Trainee: 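Before I ask anything, let me first share the structure, which is written out below as structure tokens.
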Number of protein chains: 2
Amino acid sequence: MSEALNTLFAKHQDTLNAATHAIKTRDYWSPYPENPSPRAYGETANADGEAAFKGYLNQSFALEMPGIIGEAGSEVSPYGIDLNIKYPLVDLDVLLPAMNDARKAWRDVGPQGRAAICLEILERINQRSFEIGYAVMHTSGQGFMMAFQAGGPHAQDRGLEAVAYGYEAMMHTPANTVWTKPQGKHDPLVLNKTYTAVGRGIGLVIGCSTFPTWNTYPGLFADLITGNPVIVKPHPAAILPAAISVKIAQDVLTENGLPAHIVSMVIDADPAKPCTADLAKRDEIKLIDFTGNTPFGNWLEANCTQAQVYTEKAGVNTIIIDSSDDYKGMLRNLSFTLSLYSGQMCTTPQDIFVPKGGIDTDQGHKTFDDVANDIATAVSKFLSDPERAAMVLGAIQAPVTADRIENSKTLGNVLRESEALTHPHFPNARVRSPLLMSIDADQADTYMQELFGPISFVVKTDSTAHSIQLASEAIKTHGAITLGCYSNNDSVLDSIEETALDAGVALSCNLTGGVFVNQSAAYSDFHATGSNPAANACLSDLAYVANRFRVVQSRRHPK
Amino acid sequence: MSEALNTLFAKHQDTLNAATHAIKTRDYWSPYPENPSPRAYGETANADGEAAFKGYLNQSFALEMPGIIGEAGSEVSPYGIDLNIKYPLVDLDVLLPAMNDARKAWRDVGPQGRAAICLEILERINQRSFEIGYAVMHTSGQGFMMAFQAGGPHAQDRGLEAVAYGYEAMMHTPANTVWTKPQGKHDPLVLNKTYTAVGRGIGLVIGCSTFPTWNTYPGLFADLITGNPVIVKPHPAAILPAAISVKIAQDVLTENGLPAHIVSMVIDADPAKPCTADLAKRDEIKLIDFTGNTPFGNWLEANCTQAQVYTEKAGVNTIIIDSSDDYKGMLRNLSFTLSLYSGQMCTTPQDIFVPKGGIDTDQGHKTFDDVANDIATAVSKFLSDPERAAMVLGAIQAPVTADRIENSKTLGNVLRESEALTHPHFPNARVRSPLLMSIDADQADTYMQELFGPISFVVKTDSTAHSIQLASEAIKTHGAITLGCYSNNDSVLDSIEETALDAGVALSCNLTGGVFVNQSAAYSDFHATGSNPAANACLSDLAYVANRFRVVQSRRHPK
């Protein structure tokens with residue numbers, strides 16, 4: 001490793017050590033302040049970030065890649081602003097061979113060198129969290145606070161988490177050893193052995209429109225740390241946050257004497273004719289990370305057999321309500337959960353199972369209708385302050401999601417209408433409040449299909465046992481990233497725990513405070529399990545990184 | 001964990017700790033003596049083992065499985081003995097649901113409990129190494145010493161290695177944690193979290209005829225330690241070693257109050273109509289380990305998308321000879337390498353590249369013909385003692401391999417004829433000595449096809465650079481598990497190292513003593529890399545185990 005890289009590694013070593021410690025102990029930890037405060041980020045950080053974001057509008061965004069042949073881009077903010085940014089288009093037959101050529105240089109930097117570069121990239125990304133926050137806000141539609149946190153520090157945490165796992169997995173094997181095998185009275189057999197972590201090839205990270213950094217950084221940094229050049233293929237509606245991140249990575253690479261195109265970005269010349277499938281099938285692509293819809297995720301898994309494929313797809317998340325000793329807290333918690341980013345999270349619950357006989361609570365028995373209406377009322381009350389509503393709901397990312405809300409209101413008995421709200425600061429923003437309906441358990445065809453967006457059902461079941469059975473079916477058949485439950489009864493909780501283990505889903509029990517079923521904390525919470533149809537991998541664990549590199553060994557007798 | 005399991009874990013904890021230490025330091029280590037000596041295994045171990053082996057002949061072999069519907073088996077020893085052992089046939093529609101039912105019990109034993117049971121199984125297998133050695137000898141055709149070592153302690157080492165990796169991967173995540181997130185002046189957010197390692201489903205381990213235990217134990221124990229019941233599907237020609245191992249596992253399971261069929265065995269009712277493909281496609285099968293031919297391995301990878309598939313297939317292993325400062329040592333080393341088990345190892349070199357201009361050695365310049373003839377002479381000299389020849393060569397496992405030798409002798413210029421030898425103790429044994437030919441580099445179609453068995457070529461290349469290029473092509477196109485080289489020239493060695501890293505193959509340089517290119521040591525040498533067509537996995541690393549289980553988490557606030 002060069003002197004400069006040694007220095008860079010020393011700069012970041014404490015953070016790396018703390019991250020590897022965190023993933024093993026899983027207590028709360030983060031090096032990236034989640035509070036967008038002047039104290040953490042500087043007095044002018046917000047203004048600078050907003051100015052930087054605005055500086056991109058109506059311009060060409062430059063990246064360093066061989067084979068640039070033009071530009072494209074047509075992002076429109078869900079808040080009603082045409083971004084009009086153009087990004088480079090690239091000839092894959094030039095880019096991919098060049099990236100393959102860069103593999104040796106990236107391999108030879110070694111695990112420490114790659115860790116140093118990854119952590120430097122993440123640090124610089126962190127310093128630009130406001131700029132990236134505005135970019136995430138105006139592509140995903142998230143409210144600014146969420147865009148800053150989920151698109152900034154929390155996404156950076158997930159990137160660093162992947163670096164920590166990849167580093168751990170590589171360091172599990174020493175770089176070299178002396179193997180000495182006793183031979184009784186004879187001299188021992190002695191071999192000097194070396195072990196080198198070698199990346200698999202070029203990685204492809206296919207981003208989504210709702211979490212353009214949070215769902216991109218894990219694959220990007222997992223590939224990088226394990227020795228693979230990476231192509232980021234952002235969603236056509238959310239390119240800017242990826243482009244800024246790629247540019248930062250390129251800057252750090254070139255400063256360290258490495259080819260910038262070790263991190264590249266490919267976009268569609270025409271979003272109506274996406275290039276992703278053809279790119280994913282290229283023989284040079286050996287790793288694919290995908291976040292998005294189930295059919296394309298399944299297609300990638302079935303067809304891109306030249307690559308290791310890691311997918312996060314759609315699912316039907318559920319909540320089982322059996323009883324509660326903090327009914328108000330439950331309603332408050334659920335109202336935030338259903339409102340946050342207008343239900344456009346892969347972790348938002350769609351179905352809330354409540355027994356037809358109602359539930360026992362600290363406020364007495366509540367009938368099914370009580371519970372259903374109380375949830376609807378709680379959501380409405382929570383959203384009654386327009387500033388808070390705008391901040392929490394954000395905007396609807398895609399017109400198709402707004403249409404889906406409109407088309408879904410006849411699917412059940414409406415408990416709460418979805419309203420088109422006027423954003424206090426962005427008059428053209430596409431803002432919708434949650435649609436909440438009740439439905440009978442026998443209408444499974446309706447509530448067991450994924451209805452992405454702020455569309456939820458309170459499902460009337462025969463009993464809690466029936467609720468558990470339906471939740472299990474949803475997880476096993478349709479996939480799920482989260483399962484929530486509310487119960488005071490230990491045997492019910494045990495039964496739900498067993499269902500979660502059996503079906504393979506993360507369980508949150510009795511959340512009534514400041515933690516929400518749709519939020520997960522890096523270094524502590526695994527996002528998805530990889531063992532139900534919603535995802536074939538999780539963020540992050542050893543399985544997520546261990547097969548992104550292979551160990552190649554060499555042995556010879558000492559001279 | 002029960003008191004009994006706690007005791008069992010305590011019994012084996014030192015061995016487990018030593019194994020996890022060994023895979024991280026990769027120095028020589030083994031708990032299983034490789035020397036079949038009375039001192040290590042007891043005065044009567046050999047006689048007892050042989051008697052136990054003979055006791056199986058002409059009998060029905062009992063295993064505990066639900067759904068037994070008959071028996072089958074038609075093994076014939078390559079040493080000319082009809083084993084005539086019958087094994088249970090089972091109804092998969094009874095066995096597979098029963099195995100799925102057993103998943104919960106096996107999961108709930110926990111990582112320590114499963115480690116304790118795996119190590120107890122391995123210890124008992126070790127105690128029966130003579131019995132298993134005779135079973136391996138009379139199915140694979142290996143000479144007894146090799147059958148004992150490779151089929152006994154070395155196979156046990158590979159099993160324990162997989163246990164150690166699986167245990168490490170699971171223990172990387174704690175069983176539970178308290179997550180405390182500061183909230184400034186407010187009370188912190190606190191969650192109690194649990195993390196449970198959950199197996200993927202039922203594992204299927206498809207054995208081969210040449211290494212019925214060495215290539216079966218890694219998948220078997222990797223599946224078991226990570227919480228998966230396992231079906232062993234041995235090769236129809238080599239069932240007995242697997243059956244004995246399965247029986248031992250079943251004994252240990254039942255003694256610990258667990259269903260015996262957590263480890264089951266499935267065989268073909270009729271070897272002419274193998275059931276393996278249908279079994280491998282079953283939805284209950286979530287993990288597949290396969291050792292065998294490339295077409296079926298590729299078929300499994302492409303078609304069994306419901307499972308994680310780990311394959312070791314065929315390849316073309318090569319040796320590059322550039323120069324030598326110990327010509328005699330090189331010849332001696334190569335003669336053993338080419339003779340051992342009649343070249344029926346997936347690690348035996350098939351092509352030896354020698355430049356047409358010859359090579360420089362400590363015994364002066366040697367022409368191409370000198371080198372080719374000297375290798376042939378060295379093999380003949382090594383095999384001139386009939387006892388040693390019989391012990392090292394063993395017998396040819398399959399008639400098709402004997403036919404292949406016969407059919408291959410016109411493929412090149414014969415340097416050394418293969419001879420049908422009479423075994424000093426088994427008159428009907430199918431024994432053949434190595435066929436060695438020279439061939440021009442332009443005949444790639446001939447020497448680049450895998451010719452399994454004692455068939456090798458000395459290939460006349462333009463130069464060492466040409467040799468390296470051909471070796472790279474063999475590895476990348478046809479796959480390889482080993483690459484050997486001989487050179488005194490550091491820049492040549494560097495170039496070969498780079499080729500090995502680039503093509504993804506384990507390299508052995510200048511082996512002239514008691515280590516051979518076709519042998520690998522558990523805990524230190526990775527067997528295959530998983531990054532060339534010969535195998536998509538290696539024995540063993542974190543990638544081999546990390547995706548055999550998923551972590552399912554649960555979180556709730558403390559009361």
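Basis for what follows: all heavy atoms, side chains included, without hydrogens, waters or symmetry-related copies. It should be emphasised that the depicted structure is a prediction, and the values quoted were computed from it without experimental measurement. Per chain, numbering begins at 1; letters A, B, ... match sequence-line order.
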Trainee: Is it the backbone or the side chain of A:Leu191 that comes under 4.5 Å from a heavy atom of chain B, or both, or neither?
Mentor: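 For A:Leu191, the side chain is the part near chain B, not the backbone.
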Trainee: Between B:Val551, B:Thr196, B:Asn510, which residue shows the highest count of heavy-atom pairs closer than 4.5 Å to chain A?
Mentor: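 Answer, by heavy-atom pair count under 4.5 Å with chain A: B:Val551.
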Trainee: Over all heavy atoms of both residues, which pair between A:Pro174 and B:Thr25 is shortest? Give the atoms and the distance, please.
Mentor: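 Heavy atoms of A:Pro174 and B:Thr25 come nearest at CG-O, 4.0 Å.
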Trainee: Using a 4.5 angstrom heavy-atom cutoff, name the option from A:Glu168, A:Arg103, A:Glu301 with the most pairs to chain B.
Mentor: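 It is A:Glu168.
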Trainee: To the nearest 0.5 Å, what is the distance between CG on B:Asn547 and CD on A:Gln308?
Mentor: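 Between B:Asn547 CG and A:Gln308 CD, I get 9.0 Å after rounding to 0.5 Å.
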Trainee: Who among B:Cys509, B:Gly201, B:Pro188 has the most heavy-atom pairs with chain A under 4.5 Å?
Mentor: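 If we count pairs closer than 4.5 Å to chain A, B:Cys509 comes out on top.
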Trainee: Let's test your reading of the structure: which of B:Leu501, B:Val198, B:Thr177 forms the most heavy-atom pairs below 4.5 Å with chain A?
Mentor: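 Option with the top pair count is B:Leu501.
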Trainee: Determine whether A:His557 and B:Leu511 make a side-chain contact, defined as any pair of heavy atoms from C-beta on separated by less than 4.5 Å.
Mentor: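 Sidechains of B:Leu511 and A:His557: in contact.
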Trainee: Heavy-atom distances under 4.5 Å only: say whether A:Tyr195 touches chain B with side chain, backbone, both or neither.
Mentor: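 For A:Tyr195, side-chain heavy atoms alone lie under 4.5 Å from chain B.
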Trainee: Would you mind checking which part of A:Arg548 comes under 4.5 Å of any heavy atom in chain B, side chain (CB onward), backbone (N, CA, C, O), both or neither?
Mentor: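 Contact with chain B involves no heavy atom of A:Arg548 at all.
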Trainee: Please check: side-chain N/O of B:Gln553 versus main-chain N/O of A:Phe526, any donor-acceptor pairing under 3.5 Å?
Mentor: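 The answer is yes, because a donor-acceptor pair under 3.5 Å joins these two groups.
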Trainee: Side chain, backbone, both or neither: which part of A:Glu34 has a non-hydrogen atom closer than 4.5 Å to chain B?
Mentor: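 Answer is side chain: those atoms of A:Glu34 sit under 4.5 Å from chain B.
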Trainee: Under a 3.5 Å threshold, yes or no: a donor from one side chain and an acceptor from the other, between A:Arg550 and B:Thr529?
Mentor: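 No, because no side-chain N or O of A:Arg550 sits under 3.5 Å from a partner of the opposite role on B:Thr529.
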Trainee: If the plane angle is over 60° it's perpendicular, under 30° parallel, otherwise tilted; pick one for B:Trp179 and A:Tyr28.
Mentor: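 Because their plane-to-plane angle is over 60°, the rings of B:Trp179 and A:Tyr28 count as perpendicular.
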Trainee: Is chain B contacted by the side chain of A:Lys104, its backbone, both, or neither, given a heavy-atom distance below 4.5 Å?
Mentor: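 Contact with chain B: side chain only.
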Trainee: Closest heavy-atom contact between B:Ala546 and A:Ala546?
Mentor: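 Taking every non-hydrogen atom into account, CB-CB, 4.4 Å.
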Trainee: In terms of heavy-atom pairs under 4.5 Å with chain A, which of B:Ala169, B:Gly530, B:Ser531 leads?
Mentor: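 Winner by heavy-atom pair count: B:Gly530.
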Trainee: Just so I know, are the side chains of B:Thr173 and A:Arg26 near enough to count as touching, which here means a heavy-atom distance under 4.5 Å?
Mentor: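 The answer is yes, as the side chains (C-beta and beyond) meet within the 4.5 Å cut-off.
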Trainee: Looking at A:Val545, A:Asp541, A:Asp502, which makes the most heavy-atom pairs under 4.5 Å with chain B?
Mentor: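 Heavy-atom pairs under 4.5 Å are most numerous for A:Asp541.
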Trainee: At a heavy-atom separation under 4.5 Å, does A:Tyr165 approach chain B through its side chain, its backbone, both, or neither?
Mentor: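 Just its side chain gets close to chain B.
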Trainee: Between chain B and each of A:Ser524, A:Ala506, A:Gly514, A:Pro182, count heavy-atom pairs under 4.5 Å; write down the option with the most.
Mentor: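 Among the listed options, the one with the most contacts to chain B is A:Ser524.
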Trainee: Hey, which of A:Asn35, A:Thr305, A:Leu189 has the most heavy atom pairs under 4.5 Å with chain B?
Mentor: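 The candidate making the most pairs under 4.5 Å is A:Leu189.
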Trainee: Spell out, as yes or no, whether a donor-acceptor pair under 3.5 Å connects the side chain of B:Asp27 to the backbone of A:Thr180.
Mentor: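 Indeed, once roles are kept as given, a pair shorter than 3.5 Å links the two residues.
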Trainee: Quick check on the interface: out of B:Lys286, B:His186, B:Gln519, B:Gln183, who has the most heavy-atom pairs with chain A under 4.5 Å?
Mentor: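 Most heavy-atom pairs within the cutoff with chain A belong to B:Gln519.
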Trainee: Hey, are A:Asp525 and B:Arg555 close enough for a salt bridge, meaning a charged N less than 4.0 Å from a carboxylate O?
Mentor: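 Looking at A:Asp525 and B:Arg555, the cut-off is met.
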Trainee: Return the minimal non-hydrogen interatomic distance between A:Leu493 and B:Arg556, and the atom names on each side.
Mentor: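 The answer is CD1-NH1, 3.6 Å.
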Trainee: For residues B:Val552 and A:Ala500, report the shortest heavy-atom separation together with the two atoms involved.
Mentor: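 Closest heavy-atom pair between B:Val552 and A:Ala500: CG1-O, 3.7 Å.
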Trainee: Check each atom of A:Lys181 against the heavy atoms of chain B and say whether the ones under 4.5 Å are side chain, backbone, both or neither.
Mentor: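 Both backbone and side chain of A:Lys181 come within 4.5 Å of chain B.
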